[in-house]
Participant: 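Just passing along the structure, written as structure tokens.
Hydrogens, waters and symmetry mates play no part in the numbers below; they use all other heavy atoms, side chains included. Below, read A as the first sequence line, B as the second, and so on, with proteins coming before strands; counting in each chain starts at 1.
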There are 2 protein chains.
Amino acid sequence: MLLYQRICNYIHQLINDNKIKATTKLPSERTLQEQFKSTRITVREALFRLESEGLIYSQKRKGWFITPAKLKLKPASKVNFNKLAVEQGFVPKTRVISILNDIDDSFQNQEKNIFTGESLYHLKRVRLLDERPVMIEDIYCQQSRFENLERKALSESITHIMATDYNVQINSEQCVICVTVLSNEDSDILEKNSGAPCLKIIRKRFDEHGLLVDYNYEYWLHDAIEMLVEGT
Amino acid sequence: MLLYQRICNYIHQLINDNKIKATTKLPSERTLQEQFKSTRITVREALFRLESEGLIYSQKRKGWFITPAKLKLKPASKVNFNKLAVEQGFVPKTRVISILNDIDDSFQNQEKNIFTGESLYHLKRVRLLDERPVMIEDIYCQQSRFENLERKALSESITHIMATDYNVQINSEQCVICVTVLSNEDSDILEKNSGAPCLKIIRKRFDEHGLLVDYNYEYWLHDAIEMLVEGT
DNA sequence: CAGTGGTCTAGACCACGAT
DNA sequence: TCGTGGTCTAGACCACTGG
């Protein structure tokens with residue numbers, strides 16, 4: 001059996017035997033290297049595989065930790081992040097990173113003919129579960145429709161703010177979901193290396209007239225989320 | 001700028017400038033190493049990041065290739081894989097790997113109280129798009145309900161076989177979707193290294209009486225699929 | 001059989017985190 | 001300040017692919 005596989009198995013064992021609990025730190029890479037009389041390259045090979053598996057995760061320059069349970073999410077339902085998290089036994093938190101007025105370039109390039117030529121709000125937030133940052137959210141909506149949005153309590157539910165302060169109701173939504181990697185900026189916020197894999201959910205939400213209300217990008221750590229979809 | 005980032009950018013450029021087309025081979029690792037006066041470790045660091053990004057993919061011991069377009073899939077719709085692929089301009093293919101009668105151990109462990117104690121068919125197939133293997137499918141259904149299933153044309157649509165040969169109609173389904181890695185067996189079939197990341201779709205399908213008809217695991221190469229979900 | 005990717009060794013320096 | 005993870009060098013051997 002390959003050496004990195006033996007290291008993988010060893011850590012699998014540690015977790016199965018409950019010798020290490022969720023979010024606690026693994027032995028350092030150099031400790032493992034010594035333990036297996038190997039090199040850091042090989043140790044890291046094993047760690048990266050376990051990370052892909054979702055068993056452990058790294059935080060930039062802090063170390064490797066055991067992955068906690070995943071949040072179960074129905075991507076096309078209007079369920080509130082906070083409520084969902086609490087229901088599943090997590091302590092959720094939301095932090096506002098920024099709210100900008102100009103149109104993001106990447107946004108313009110990637111999606112044409114959406115709010116074309118209009119001034120937009122761009123709200124960037126980070127979501128945490130039990131103090132672990134797990135998701136970046138970029139929300140784009142029309143400035144003209146949501147005047148003074150920057151003065152609202154933006155760490156609360158945007159859907160709720162839209163309903164109560166602007167009388168705008170979300171009626172339907174479309175999601176596109178794929179696997180990709182975090183941008184440099186977002187990986188910093190999530191305390192990950194750049195290039196960390198993530199699940200990207202692009203979400204368009206519409207009001208009862210079929211008008212586009214907002215346009216969101218969500219970037220989830222791949223090991224923090226599980227999606228449920230029902231169909232007929 | 002970091003060296004592996006320069007290598008990433010270089011390959012990004014190659015693809016953007018259309019100097020390399022989808023499914024063609026990249027220069028060998030040693031060629032790139034020489035070109036950037038670096039080492040294979042660093043070159044491979046860059047290649048793995050591009051792979052996570054979905055820009056390139058590797059086939060075991062064959063090399064690195066440019067990733068073609070993704071298949072767009074509505075996970076909870078009953079649309080046939082072949083039809084979907086053709087609609088999107090792919091040439092689809094399905095190969096039967098095996099059909100077994102005993103109950104798979106992993107299946108038993110992972111999912112309790114599904115078809116408990118019953119004899120099952122376990123059909124394993126691989127799906128290809130334009131000759132590239134992109135998905136492994138494990139289908140479990142009751143032997144008693146689908147007698148002599150092994151004699152049918154199993155590279156065709158199972159839904160269709162169930163409807164025409166057994167008068168069983170699929171009425172609804174539930175999916176669970178998460179990111180994980182391929183097993184050793186499956187990664188061989190998909191010509192990937194073990195530990196390759198993938199999108200796993202667990203799919204339960206029910207008939208019009210709400211009875212479970214079959215239970216599927218799909219393992220998609222993460223760069224081969226994009227999912228569309230609509231909700232109200 | 002030559003060249004490729006997969007695995008592995010034995011080091012090094014740096015930036016950043018924890019203390 | 002010390003230890004950590006992030007990046008990088010300069011090699012090696014093996015199994016397998018493709019010609």
Participant: What's the CD-P distance between E191(A) and dG6(D), to the nearest Å?
Facilitator: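 Interatomic distance, CD of E191(A) to P of dG6(D): 13 Å.
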Participant: When the distance from CD of E45(A) to C1' of dG6(C) is rounded to whole Å, what number comes out?
Facilitator: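 Atom-to-atom, E45(A) to dG6(C), this comes out as 9 Å.
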Participant: Quick test of your reading of the model: are K204(B) and D214(B) salt-bridged, counting only N-O distances below 4.0 Å?
Facilitator: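 No, this pair does not count.
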Participant: Where the side chain of K62(A) is concerned, which of dA18(C), dT9(D), dG6(C) is the nearest nucleotide?
Facilitator: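 Taking heavy atoms from C-beta onward, the closest nucleotide is dA18(C).
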Participant: Need one value for S38(A): base, sugar-phosphate or nothing, where a base atom within 4.0 Å counts as base even if backbone is also close, heavy atoms only.
Facilitator: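 S38(A): backbone/sugar contact only, no base atoms under 4.0 Å.
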Participant: Could you check whether R49(B) gets within reach of a base, just the sugar-phosphate, or nothing at all, counting any heavy atom under 4.0 Å?
Facilitator: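 Sugar-phosphate, backbone atoms only, no base.
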Participant: What is the separation between atom CZ on R61(A) and atom C1' on dC2(D), rounded to the nearest whole Å?
Facilitator: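 Going from CZ in R61(A) over to C1' in dC2(D) covers 15 Å.
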Participant: Under 4.0 Å between a side-chain nitrogen and a carboxylate oxygen: does that hold for K124(B) and D186(B)?
Facilitator: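 D186(B) and K124(B): salt-bridged.
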Participant: Whole Å only: how far is the CE atom of M1(A) from the P atom of dT7(C)?
Facilitator: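 The distance from CE of M1(A) to P of dT7(C) comes to 13 Å, rounded to the nearest Å.
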Participant: Are the side chain of S52(B) and the backbone of F48(B) linked by a donor-acceptor contact shorter than 3.5 Å?
Facilitator: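 The answer is yes, because a donor-acceptor pair under 3.5 Å joins these two groups.
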Participant: Rounded to the nearest Å, what distance is computed from the CD atom of residue Q5(A) to the C1' atom of nucleotide dC8(C)?
Facilitator: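 Checked: the CD to C1' distance equals 14 Å.
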Participant: Among the nucleotides dA10(D), dT4(C), dA12(C), which one has an atom lying closest to any side-chain atom of R40(A)?
Facilitator: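 The nucleotide sitting nearest to the side chain is dA12(C).
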Participant: How would you label the contact of L2(A) with the nucleic acid (heavy atoms, under 4.0 Å): base, sugar-phosphate, or nothing?
Facilitator: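 If one applies the 4.0 Å heavy-atom cut-off, L2(A) turns out to touch the sugar-phosphate alone, with no base involved.
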Participant: Does the side chain of Y4(A) get closer than 4.0 angstrom to OP1 or OP2 of dC8(C) through an N or O atom?
Facilitator: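 Answer no for this pair, as no side-chain N or O of Y4(A) is under 4.0 Å from OP1 or OP2.
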Participant: Measure from the side-chain heavy atoms of T39(A) and tell me the nearest of dA10(C), dG6(C), dT7(D).
Facilitator: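 For the T39(A) side chain, the nearest candidate turns out to be dA10(C).
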Participant: Please report the distance, rounded to the nearest Å, between CG in L47(B) and C1' in dT7(D).
Facilitator: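 In whole Å, dT7(D) C1' lies 16 Å from L47(B) CG.
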Participant: I need the CD1-C1' distance between I41(B) and dA10(D), as an integer number of Å.
Facilitator: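 The distance from CD1 of I41(B) to C1' of dA10(D) comes to 10 Å, rounded to the nearest Å.
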Participant: Please determine if R132(A) forms a cation-pi arrangement with Y57(A), meaning its NZ or CZ atom is less than 6.0 Å from the six-membered ring centre and no more than 45° off the ring axis.
Facilitator: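 Judged by the rule (NZ or CZ under 6.0 Å from the ring centre, within 45° of its axis), R132(A) counts as positioned above Y57(A).
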Participant: Here's a test for you: under ring-ring contact (aromatic ring centres under 6.0 Å, His included), which of Y140(B), Y217(B), F115(B) qualifies with H122(B)?
Facilitator: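 The ring-ring contact (aromatic ring centres under 6.0 Å, His included) with H122(B) is passed solely by Y140(B) among Y140(B), Y217(B), F115(B).
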Participant: If you check every side-chain atom of R30(B), which of dT4(D), dT9(C), dC13(D) has the closest atom?
Facilitator: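 Within the option list, the nearest is dC13(D).
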Participant: Would you say a side-chain N or O of S58(A) is under 4.0 Å from OP1 or OP2 of dG5(D)?
Facilitator: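 Answer is no, no contact under 4.0 Å.
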Participant: Write down the distance between CZ (F36(B)) and C1' (dT9(D)), rounded to a whole number of angstrom.
Facilitator: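 It is 17 Å, rounded to the nearest whole Å.
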Participant: Just to be sure I understand the rule, does S28(B) reach a base, reach only the sugar-phosphate, or reach nothing, if contact means heavy atoms closer than 4.0 Å?
Facilitator: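 Sugar-phosphate contact only - S28(B) comes under 4.0 Å of backbone atoms but never of a base.
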